Amino acid sequence: MRKIEHLGIAVKDIDASLKIYETLLNRSCYKKEGVESEGVLTAFLEIGETKIELLQATNEDSPIAKFIAKKGPGIHHIAFDVEDIDSEIKRLESEGFELINKTPKDGADNKIIAFLHPKSTDGILVELCQEKKN
Ligand code: ZN
């Protein structure tokens, strides 16, 4: 684990939330991207060495739609930057953490990602993300 790569925030209306966060942070969104497999639309803002990822559901079955129905808008996950996602997955599994994804998958913003189950991290959904090597 090298640093917090981004904080994921579940929102109802990404354009309305972008206006708030662009004003709050006094900078513009640098990327908007859909992740079809997850049923989400994402928008990223850079803040120092880390980022804010806004997530809006694009369908009712999206994990973001379910999260908002249950808890309302708010912090959805913390993403940590890792150098080698496969070895981190192995390490965390051997330490007893429950992985939602044992095999990394494609995420937004040129990353491969894997999630840890919140029940093994005191209620926080944790994302591991590794920059894609092109
Ligand atoms: Zn994320």
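As the structure lists them, so they are numbered: ligands from 1, and atoms in each ligand from 1. Model, not experiment: these values are computed from the prediction.
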Can you give the donor-acceptor pairs under 3.5 Å from side chains of residues 121-130 to other protein atoms, not counting sequence neighbours?
{"unit_1": "T121", "atom_1": "OG1", "unit_2": "P118", "atom_2": "O", "d": "3.4"}
{"unit_1": "T121", "atom_1": "OG1", "unit_2": "I124", "atom_2": "O", "d": "2.3"}
{"unit_1": "E127", "atom_1": "OE1", "unit_2": "H6", "atom_2": "NE2", "d": "3.3"}
{"unit_1": "E127", "atom_1": "OE1", "unit_2": "H77", "atom_2": "NE2", "d": "2.8"}
{"unit_1": "Q130", "atom_1": "OE1", "unit_2": "I85", "atom_2": "N", "d": "2.8"}

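Within a 6.0 Å sphere centred on NZ of K71, other residues, nucleotides and ligands contribute 12 heavy atoms or fewer.
Ion pairing between E22 and R27 fails under the 4.0 Å rule for side-chain N and carboxylate O. Taking the charged nitrogens against the carboxylate oxygens, K105 and E38 do have a contact shorter than 4.0 Å, which makes a salt bridge.
In terms of distance to the Zn ion (ligand 1), the nearest N, O or S atom of E53 is named OE1. Take the N/O/S atoms of H6: the one nearest the Zn ion (ligand 1) is NE2. Residue E127 approaches the Zn ion (ligand 1) most closely through its N/O/S atom OE1.
The nearest N, O or S atom of H77 is closer to the Zn ion (ligand 1) than 2.8 Å.
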